[in-house]
Amino acid sequence: MRVAVVSLFPEMISGACGYGICGRALDAGLLELSTVNPREFAHDRHRTVDDRPYGGGPGMVMMVEPLRAAIGAARKAVGGTAKTVHMSPQGVPIDDAAVRRLAAEPALVLVCSRYEGVDERLIELEIDEELSLGDFVLSGGELPALALVDAMARQLPGALGHGESAQQDSFADGLLDWPHYTRPERVEGLEVPPVLLSGHHARIEKWRLHQALVRTAERRPDLLAERSLSEEEQAVLAAHRAGHAANEE
């Protein structure tokens, strides 16, 4: 997969992506990452990429021409016809489905704006979609872009130490992850659930499903509303709710 990031701070991207799963994917040639700085395409001696907004108001707006030229260079770097994504609080929130969809793309250009945003005409001319990290505002699009690149790298075959790791992550099947434990078996009186020490794989899988369902019901019930539940899953949740109601009484 080839990804080019358009950013005024390319060192943020290249530095952070050198570690962990992203670093492993880069070293293995599974991921190719490049950066393009819009300032390289500004024509004045100050390398200006922003200006005051028409109509007045606080802050500055990124100009069309330097950004458009940088996006063109980024597309050439990854092969010419790449989907172009603007990281913006006005975008659709990133979820697991979006990560998997974009990870299947052979090439992407991620545009990281700053200041009050970009001239709307750039979006109309060059942007295929806008994505957001959530309903809050950051200083720029670099952190959302890094989060997206990291999430996509996990989907690349061979990037993870175990081939099934990505399939068992939270959200992969519409549920939060189950609790995890490792050595020692006891920590300040808290013990590993006995079923995990039993070696009985069917019971372990059943316990993990139960825990994932209950955790999702308690923390993210909105996910369950979007998921088709099997009869077994419905029974688990019904038992949990009955027990919860009894405890409240």
Side-chain angles (χ1 to χ4, degrees), residues 1 20-22 24-25 30 85 87 89 91-105 129 131-136 138 143-249:
M1 182 181 192
I21 301 300
C22 278
R24 183 187 302 169
L30 304 174
V85 180
M87 314 308 298
V92 176
I94 300 169
D95 60 9
D96 187 67
V99 169
R100 292 175 183 272
R101 171 174 59 82
L102 293 173
E105 294 281 342
E129 65 179 292
L131 292 177
S132 168
L133 201 57
D135 294 336
F136 53 92
L138 295 167
L143 292 178
L146 286 169
L148 180 58
V149 171
D150 184 271
M152 292 190 299
R154 296 179 58 81
Q155 302 299 322
L156 301 178
L160 300 179
H162 194 293
E164 297 180 358
S165 293
Q167 283 70 43
Q168 295 184 356
D169 283 342
S170 289
F171 309 111
D173 64 350
L175 300 175
L176 298 182
D177 204 1
W178 55 76
H180 294 273
Y181 298 87
T182 189
R183 298 178 182 178
E185 292 182 18
R186 179 190 293 265
V187 177
E188 295 189 19
L190 300 175
E191 298 184 351
V192 175
V195 65
L196 298 180
L197 306 176
S198 69
H200 196 297
H201 296 297
R203 291 177 183 171
I204 291 172
E205 290 304 311
K206 187 174 182 178
W207 179 88
R208 285 174 170 170
L209 174 62
H210 181 280
Q211 294 295 317
L213 283 165
V214 169
R215 176 169 285 188
T216 305
E218 293 177 344
R219 302 182 184 184
R220 291 291 305 276
D222 57 301
L223 295 177
L224 292 179
E226 301 173 359
R227 191 176 189 273
S228 178
L229 299 174
S230 68
E231 291 185 4
E232 178 186 2
E233 292 170 342
Q234 293 178 37
V236 168
L237 288 175
H240 169 68
R241 288 164 183 153
H244 186 69
N247 289 336
E248 288 183 341
E249 293 175 358

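Start at 1 with the first residue, then count along the sequence.
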Rounded distance [0.5 Å steps], [atom1] in [X] versus [atom2] in [Y]:
X: Thr216; Y: Glu233; atom1: OG1; atom2: CD; result: 10.0 Å
X: Leu176; Y: Leu213; atom1: CG; atom2: CG; result: 10.0 Å
X: Glu218; Y: His240; atom1: CD; atom2: NE2; result: 4.0 Å
X: Leu143; Y: Met87; atom1: CG; atom2: CE; result: 10.5 Å
X: Glu191; Y: Glu185; atom1: CD; atom2: CD; result: 8.0 Å
X: Leu224; Y: Gln234; atom1: CG; atom2: CD; result: 11.0 Å

Over all atoms of both residues, closest heavy-atom pair of [X] and [Y]:
X: Leu30; Y: Leu156; answer: O-CD1, 3.6 Å
X: Thr182; Y: Val192; answer: O-CG2, 4.4 Å
X: Pro193; Y: Trp207; answer: CG-CZ2, 3.7 Å
X: Gln155; Y: Ala103; answer: CB-CB, 3.8 Å
X: His210; Y: Val236; answer: CD2-CG1, 3.2 Å
X: Ala159; Y: Ala25; answer: CB-CB, 4.4 Å

Under 3.5 Å: donor-acceptor pair, side chain of Arg227, backbone of Asp173: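 Between the backbone of Asp173 and the side chain of Arg227 there is a qualifying donor-acceptor contact (under 3.5 Å).
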
Has the side chain of Gln211 got a donor or acceptor atom that lies under 3.5 Å from a matching backbone atom of Trp178?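 Checked: no pair found.
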
How about [X] and [Y]: do any of their side-chain heavy atoms sit closer than 4.5 Å?
X: Pro144; Y: Leu131; answer: no
X: Val99; Y: Arg154; answer: no
X: Lys206; Y: Glu232; answer: yes
X: Leu209; Y: Leu175; answer: yes
X: Arg208; Y: Ile204; answer: yes

Kindly determine whether Glu129 and Leu102 satisfy side-chain contact (heavy atoms from CB on, under 4.5 Å), including the steps that lead there. CA-CA 11 Å; Glu129 65 179 292; Leu102 293 173; 3.9 Å; yes

Considering residues, nucleotides and ligands other than Asp222, do more than 12 of their heavy atoms fall under 6.0 Å from its CG?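 Count over threshold, so yes.
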
